Amino acid sequence: MGALAVATGGIGYVQGGYVVALLTLALYALSLVARRRRLSRRLPSAGRTAPLSGPRDGA
Amino acid sequence: MSVASHPVEAVALTGRALAPARGARIASACGLVGLVGVVLTVWLGLWVTPPDAYMGNLVRLLYIHPSMAWDAFLAYGVSFLASAAYLWPRTRDLRLDRVAGASAEAGVVFTGITLVTGSLWGRPTWGVWWTWDPLLTTTALLFVLYLGYLALRRLPGEPEVRARRSAIAALVAFIDVPIVYFSVSWWRSLHQGPTIQPGRSEVHGSMAWTLLLSFVAFSLVYVWMLAERYRLAGLQARDEVEGLADALAERRAEAGMSRAGEAS
Amino acid sequence: MPPAVVFIEAVVLAGRFPLLSGLSLEVATGEVVHLRGANGAGKTSLLRACAGLLPIASGRAEVLGHDLLVDRVSLRRAVGLLGHAGFHYEELSVRDNLRFALRASRAPLERAGPALERLGLTGRLLDTPVGACSAGQRRRLALAVLVARAPRLWLLDEPHAGLDAEARATVDALVAEARVGGATVLLASHELERAAAIADRSVEIAGGRVVPAATDSAEVGCDVA
Amino acid sequence: MWRDALLVAGKDLRVEWRSRVGLNQVVPFALAVLLLFGLALGPDAARLRAATSGLFWVTVLLAALLGVQRSFALESADRAGDGLRLSGLDAGGIFVGKAAALGFQLLVLEAVLALVAALLYGTPLEGVGVLAASCVLATAGLAAVGTFYGALAAGTRVRETLLPLLFFPVVAPVLLAATKAWSAALGRSGGGGVGWLALLAVFAAAYVAIGTVAFGPLLEDS
C-alpha cells in the first residue's frame with residue numbers, strides 16, 4: 001500500500017477509504033433486509049397476536 | 001398502568017400496531033434519497049471536486065470520514081436518549097429498547113468505518129496507521145464499548161430484563177464518552193502530536209457543498225438503517241412471542257397428561 | 001383478614017418457558033396449604049414467585065397485600081423462603097451466617113440462640129464454616145434462620161428432604177407453632193402422609209397451574225378443615 | 001442505607017479474612033504481572049523507570065477484575081444472591097458495601113504493589129501524597145464500575161468473558177488519569193497532577209452515583 005500512495009499522491013488511500021465505507025454500509029444494509037425477509041416469511045400473517053392466557057382448553 | 005403493563009402482551013400488540021405502512025414508507029423514502037445522495041457524494045467527491053492545494057487528493061476522504069464519525073455519535077446519542085426514556089417509568093416501552101438496540105448497532109458500523117477511514121487518512125499524511133488523536137482514540141474506545149453493549153443485548157432472557165439491563169449499560173457507556181474525550185485530549189495536549197483538524201485547509205465552493213451533501217446523505221442512510229433494524233427487532237420480538245403461545249399450550253397439556261398418568 | 005396469597009391466572013416466564021402458565025390460588029391468613037405435584041410441575045416456581053423473586057408476566061398476584069406486578073421487593077422482609085439452597089456463605093461459620101441473615105433482615109439478634117438450640121446446632125458446630133457442614137446441617141441452619149426471623153408467610157420447599165427423623169419432627173412442630181402464631185404456610189412436599197397431617201388442605205399443581213384434584217374424595221384425610 | 005452498606009462490607013471482608021483468597025491469590029498474581037512486564041520491557045532501567053506508573057496501573061486494573069469476579073462468586077455460591085435479595089437489604093446499600101469491601105482490598109494490594117514496583121523498576125517513590133490520593137480516587141472509581149458491571153454480568157452464564165469486555169473500556173480514563181497523576185508525582189512528565197486527580201474524582205463520583213441508583217434493578221435481574 002505504501003508504494004501505491006507515493007506514486008499516485010494518496011489517491012489509492014482515498015479510493016480504499018471509499019470502497020471500505022460503501023462496501024461495509026452496503027453489506028450491512030443487505031444483511032438487514034435479508035434477515036427481515038427471512039423472518040417475515042417464517043412468521044404467519046402479521047394479524048395474529050398471541051393472547052397470553054389463551055383459550056380455555058378444557059382445563 | 002401504561003399499555004405496556006407487562007412484556008408479553010405489549011410485545012404482541014406493538015409488534016403489529018407500530019409497522020403502519022406510513023412508517024415504512026418514510027423509512028424507504030429516506031433510504032432512497034440517502035442512496036442518491038451517497039452516489040452523488042461519491043461522484044462529486046472522487047471526480048468533480050478539485051484536489052486540495054495542501055493535501056492533494058487526500059482531501060477527498062473529507063467527504064467520508066467526518067460524516068461517518070458524525071453518524072456514529074448521532075447513533076450513540078439516539079441510543080442513549082432511547083435508553084434513558086426507557087428507564088423513565090412513565091415512558092417505559094419495549095419499542096424504545098428496540099430503538100436503542102437498533103441505533104447502537106448502526107453506531108458500531110459507522111464507528112468501524114470511521115476508524116478505517118481515519119487510519120487511511122493518517123497513513124499518507126503522517127506515515128502511521130494510527131495516531132493517538134483525541135477524536136480517533138475516543139472513537140476506538142466507543143467501538144469496543146458498544147461491542148460490549150451489543151454482546152450484552154444478545155444474551156437470552158426476558159424481554160423486560162434484557163431491555164432494562166441494556167438501557168443501564170447504554171447509560172453508563174454514553175456517560176463515559178465525554179470523560180474519555182476530555183481525558184484523551186488533555187493527555188494529547190501534554191505532548192503535541194498530529195491531530196485531525198478538518199477545518200485546517202480552507203474549504204470553498206464545490207468542496208463545501210459536497211461536504212454538506214455527504215453529511216445529509218449519510219445521515220439519511222443512518223435513518224433508513226435505524227428503521228430497518230427496528231422493524232427487524234420487532235419481528236424478532238414477535239417471533240419470540242409466537243413461540244410463547246405454543247409453549248403455553250404445551251405446558252398446559254402437561255396438566256392433562258399428568259392427569260392421564262394418575263388415572264391409568 | 002385479607003387472604004395472605006391471591007394468584008389469579010398468574011403467568012411466570014423463564015425466557016420463553018412458562019414456569020407458571022395461568023395459576024389461580026387463594027390462601028387465607030393462618031392457613032397451612034400443602035402443594036402436591038410431580039417434579040417440574042411448578043411448585044418451586046410458585047414458592048419463589050410468592051417470595052417476589054420472579055417477575056409476574058401477566059395475571060394478578062398479591063402476597064400479604066403487596067401487588068407483585070407493582071412491587072416485588074417490599075414484601076420480602078415479611079416472607080421466609082426455605083429452598084433447596086440455604087443462601088449461606090461457605091467460608092463463614094454457622095454462627096456468622098445466622099447473625100448476618102438476621103441483621104440483614106432486621107430481625108432481633110437475641111432470637112439466634114434459641115433458634116440454634118431448637119434445631120440442634122450447638123457446641124463446636126457453631127464455629128465450623130458452613131462449607132464443612134453436611135447437607136442436613138445446612139438445612140437445619142436455614143430452618144434456624146427462618147425460626148429466628150419468624151416471618152408472616154412461610155414458603156417451605158420440601159422441608160423434610162435430607163433431614164433425620166428428629167429434625168423432621170421439629171419441622172412439623174415448627175409449622176404447627178407458626179400457624180398458632182398467625183403465620184401462613186405454603187408447603188411443597190412429596191411426603192404426602194406427613195404433609196397431609198400438618199396441612200389444612202392440599203392442592204395439586206401440574207403444568208404450571210393448580211388443577212382441581214379429581215381424586216380428592218378418594219384421598220383420605222386430605223381436606224381436613 | 002449506610003447501615004446496610006456497612007453490614008455487607010463487613011460480610012465481604014470477613015469472608016475474605018476467612019478464605020484469604022485476595023491475599024493468597026490476587027496479590028501474587030499482581031506480583032507475577034509486574035515481573036512479566038519487567039521481562040517484556042527489558043532490563044534497561046531507564047525505560048522501566050519511565051513506564052513504572054503505566055505498568056503499575058495496568059496491573060491494578062487486572063487485579064481489580066479478579067477482585068470483582070471473586071466478589072460476585074461469593075454471591076452465586078449456594079444462591080447467596082437470592083438470600084441478599086430476600087433479606088430486603090437496601091440495593092444501594094449492597095452496592096456501596098460490596099464496592100467498599102472491594103475498594104479496601106484493592107488499596108491494600110496497591111500499597112504492596114507500589115513498594116514492589118519501586119523495587120523492581122528502580123523508581124524512588126516521591127510525591128507520596130499525590131500517589132496515595134490518586135490511588136484512593138482511582139480505586140473508588142474502579143470498585144464502583146467493577147461492582148456495577150459485576151452485578152450486570154452476574155446473571156449471565158458468560159460472565160467470565162462479558163465482564164472484562166464491559167469493564168476495561170469504561171475504566172480506560174481511570175487508567176489514563178491515574179497513570180498521568182503518578183508520572184507527575186514521580187517527576188516524570190510535566191505538572192498538572194492535580195488536574196488528573198480532579199478527573200479521577202469526577203469519574204468516581206459519577207459511577208458511585210449511577211451504581212447506587214441503578215443497582216436495584218440490576219440485582220433483581222441477576
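Given the structure is predicted, the values throughout are model-derived calculations rather than measurements. Here is the naming used below: chain letters follow the sequence lines, and residue numbers restart at 1 for every chain.
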Kindly compute the distance separating OH (C:Y89) from CG (D:L84), expressed to the nearest 0.5 Å.
3.5 Å
Which one of C:R99, C:R106, C:R103 has the most heavy-atom pairs closer than 4.5 Å to chain D?
C:R106
Determine whether more than 12 heavy atoms belonging to other residues, nucleotides or ligands lie under 6.0 Å from atom CZ of C:F17.
yes
What is the distance from atom CD of C:E91 to atom CZ of D:R14, rounded to the nearest 0.5 Å?
12.5 Å
Electrostatic pair D:D82-C:R76, nearest N-O below 4.0 angstrom:
no
Please identify, among C:L75, C:V73, C:D96, the residue contributing the most non-hydrogen atom pairs under 4.5 Å to chain D.
C:D96
For chain C, find which of D:G83, D:S19, D:G81, D:S87 contributes the most heavy-atom pairs closer than 4.5 angstrom.
D:S87
Taking atom CZ of D:R20 as the centre, report whether more than 12 heavy atoms of other residues, nucleotides or ligands fall under 6.0 Å from it.
yes
Highest number of heavy-atom pairs under 4.5 Å with chain C: which of D:V15, D:V8, D:L86?
D:L86
Donor-acceptor pair, D:R79 side chain versus C:G86 backbone, under 3.5 Å?
no
Closest non-hydrogen atom pair between D:A77 and C:E90, with its separation:
CB-CG, 4.4 Å
For C:R138, which atoms come within 4.5 Å of any heavy atom of chain D: side chain, backbone, both, or neither?
side chain
Using heavy-atom distances under 4.5 Å, tell me whether C:L92 contacts chain D through its side chain, its backbone, both, or neither.
both
